[in-house]
Number of protein chains: 2
Amino acid sequence: MNAGVSSARTPVLAVSTVIFTLRPDASGEMRLALPLVRRIRAPHQGKWALPGAPLKSNEDLQAAAGSALLATTGLEPRYLEQLYAFGQVDRSPDRVVSIVYWALIGSDETAGAIESENVQWFFADEVPELAFDHNLIIEYALWRLRSKIEYSRVALGFLGDTFTLAQLREVYEVVLGKRLDPGNFRRMVESANIVEPTGERLEGTRHRPPQLYRYNASQDLTDPDPLTLRTTSTRPNARDLGAAS
Amino acid sequence: MNAGVSSARTPVLAVSTVIFTLRPDASGEMRLALPLVRRIRAPHQGKWALPGAPLKSNEDLQAAAGSALLATTGLEPRYLEQLYAFGQVDRSPDRVVSIVYWALIGSDETAGAIESENVQWFFADEVPELAFDHNLIIEYALWRLRSKIEYSRVALGFLGDTFTLAQLREVYEVVLGKRLDPGNFRRMVESANIVEPTGERLEGTRHRPPQLYRYNASQDLTDPDPLTLRTTSTRPNARDLGAAS
DNA sequence: CACGGTAAAAGTCAGAATGACTATAAGTGA
DNA sequence: TCACTTATAGTCATTCTGACTTTTACCGTG
């Protein structure tokens, strides 16, 4: 059961990516959106699906997800995190195990994105019926995003290098689907120490100019991918794995 | 790049499981422990490794993890959760992507476990140098266990059907590595409503007999595997996926 | 150049949750 | 009956949270 078996009988590996951004709808409201690509071959030919590709044997999982995403959508997020490995036997006519990543990207970073008849943005609550189990995957990615935004700094993935607290708050509001008190939000953000003021202010507003903030890289409390465990301060004992010591 | 390619060039899929239990050390202290199996073939022949097996094409991932675990260790946990998919190109001489599950099991449920020269229990903080990247995997599983025990009811995975609050507290103490105040712990557990008294008391203690508790199945607030999303009440909109509606 | 509108930023306050601690109850073995 | 042990209940000060008010600083308009 090891060598020379036809690859048809052995499970095939693919990688896909769910990548969210914030974009305004017709009425100007910001909403969660993600790109989908149309399948150009069977199975599920013509249906929309997540961007992805089969895994090549010389590529790391995350690199494969990133380059498949770039090739099909033109998007290049700074941050890509593993979501889940989907491997139900019946999720595809052939046996395909999909390792799915998820990412966030700022609205302005979607400028160079490919958009065509076969690559389009959909609002997260208006996703059509997709190929395979991709609707389920998106549901799960949304759940992860919503639960993770509360205890980590993923929200910054939607923003550029500098931003105002109002912009950061809007991200939370859109993701969580509820309004937040500006004062309490400020207090929370400041005590969590996840951002720091740049000293600059945003000009050209019709009112008092807000302070600009940037990501505070000094300590990162996000739960890490296991592959980055070795560099994270959250884990006290890096022990034998890799590095010196 | 699709049909008839030798399976040697295409990534191979395997499943492994990290399964923790609590067992007393020489001095009687409870400590986290997990079973490892000795590799009987190259690569890394003779080294200890996580129990696992190659994925068969007609098996779901979780079922594969469960049956590999049962076959090599004799253990059958009630609960098995996906941990992470490890797929670095250089983690093995051949290209192997491992989908790793993790589980907990009660001390008394480890009775029927296989133990031999090639299958043994190790304390979590005394794991030797393992094959492949399995040390890293265990580190990560430990991190997950510790962070998850605080906001979910995974602790119950270490216990039997009924238990006292002192036993439940001990699980927390061992996993978190610190002592907890009995009164405050009781208050926390009771307000969280995760367990309910059976009405029975544990007899034969040398002191006041403690109330026995059981798991309160009425509401489950654990974050779900995506595959169980459809049945979970945490997600409001089950939408199209599966089921009636 | 005062004025009204707007959002930033700071401050207030009551109730909930948390950690440290004390007191009492109910068993056992001696 | 007593000494001992742990279950269980209760207290109290501190911190955290959500709802709300006040003040500040800019804009555009008349």
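Note on naming: letters A, B, ... go to the chains in the order of the sequence lines (proteins, then strands), and numbering restarts at 1 for each one.
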Task: Between dA20(C) (C1') and Arg186(B) (CZ): distance, integer Å - done: 17 Å
Task: Set of ring-ring contact (aromatic ring centres under 6.0 Å, His included) partners for Phe158(A), sequence neighbours left out - done: none
- [ ] Let me know the distance between CD of Glu190(A) and P of dG11(C), rounded to the nearest Å.
- [x] 11 Å
Listed pairs under 3.5 Å, donor-acceptor, residues 22-34 of chain B side chains, sequence neighbours left out:
| residue | atom | partner | partner atom | Å |
| --- | --- | --- | --- | --- |
| Asp25(B) | OD1 | Ser27(B) | N | 3.0 |
| Asp25(B) | OD1 | Ser27(B) | OG | 2.9 |
| Asp25(B) | OD1 | Gly28(B) | N | 3.1 |
| Asp25(B) | OD1 | Glu29(B) | N | 3.1 |
| Asp25(B) | OD2 | Arg31(B) | NH1 | 3.3 |
| Arg31(B) | NH2 | Asp125(B) | OD1 | 2.9 |
| Arg31(B) | NH2 | Asp125(B) | OD2 | 3.4 |
| Arg31(B) | NH2 | Glu126(B) | OE2 | 3.0 |

Task: Rounded interatomic separation in angstrom, taking CG from Leu202(B) and C1' from dA7(D) - done: 12 Å
Open item on the list: Run the side chain to side chain donor-acceptor pair (under 3.5 Å) test against Ser67(B) and tell me which residues pass, sequence neighbours left out.
Closed with: Glu59(B)
Task: Whole-Å distance separating the CG atom of Asp181(A) from the C1' atom of dT22(D) - done: 14 Å
- [ ] Could you tell me whether the side chain of Trp102(B) reaches within less than 4.5 Å of the side chain of Thr17(B), counting heavy atoms only?
- [x] no
Task: Distance, rounded to the nearest Å, where Arg179(A) contributes CZ and dC20(D) contributes C1' - done: 17 Å
Task: Close approaches to DNA chain D from residues 156-171 of chain B, in residue order (heavy atom, under 4.0 Å) - done: Ala166(B), Arg169(B)
Open item on the list: According to side chain to side chain donor-acceptor pair (under 3.5 Å), who are the partners of Glu196(B), at least two apart in sequence or on a separate chain?
Closed with: Arg214(B)
Could I get a table of every N or O pair under 3.5 Å where one atom is in the protein and the other is in nucleotides 25-30 of chain D?
| residue | atom | partner | partner atom | Å |
| --- | --- | --- | --- | --- |
| dC27(D) | O4' | Arg206(A) | O | 3.2 |

- [ ] Please report, rounded to the nearest Å, how far the C1' atom of dA9(D) is from the CD atom of Gln211(B).
- [x] 15 Å
Open item on the list: Could you work out, with side chain to side chain contact (heavy atoms under 4.5 Å, CB included) as the rule, every residue matching Ser116(A), not counting sequence neighbours?
Closed with: Asn118(A), Val119(A)
What donor-acceptor contacts under 3.5 angstrom involve side-chain atoms of residues 181-188 of chain A, with partners at least two apart or in another chain?
| residue | atom | partner | partner atom | Å |
| --- | --- | --- | --- | --- |
| Asp181(A) | OD2 | Gly183(A) | N | 3.0 |
| Asp181(A) | OD2 | Asn184(A) | N | 2.8 |
| Asn184(A) | OD1 | Arg187(A) | NH2 | 3.3 |
| Arg186(A) | NH1 | Glu190(A) | OE2 | 3.4 |

Open item on the list: So, using side chain to side chain donor-acceptor pair (under 3.5 Å) as the criterion, who are the partners of Thr21(A) when residues are at least two apart?
Closed with: none
TODO: Write down the distance between CZ (Phe185(B)) and C1' (dA20(C)), rounded to a whole number of angstrom.
DONE: 17 Å
Please set out all donor-acceptor pairs under 3.5 angstrom arising from side-chain atoms of residues 202-213 of chain A, sequence neighbours excluded.
| residue | atom | partner | partner atom | Å |
| --- | --- | --- | --- | --- |
| Thr205(A) | OG1 | His207(A) | O | 2.9 |
| Gln211(A) | OE1 | Gly199(A) | N | 3.1 |

Please list, for nucleotides 17-19 of chain C, all pairs of protein and nucleotide N/O atoms separated by less than 3.5 Å.
| residue | atom | partner | partner atom | Å |
| --- | --- | --- | --- | --- |
| dG19(C) | N7 | Arg187(B) | NH2 | 2.8 |
| dG19(C) | O6 | Arg187(B) | NH1 | 3.2 |

Open item on the list: Quick test of your reading: applying side-chain hydrogen bond (donor to acceptor under 3.5 Å, both in side chains), list the pairs with at least one residue in residues 103-114 of chain B, sequence neighbours left out, ordered by first then second residue.
Closed with: Arg78(B)-Glu109(B)
Open item on the list: Do Trp48(B) and His134(B) have side chains that approach each other closer than 4.5 Å (heavy atoms only, starting at C-beta)?
Closed with: no
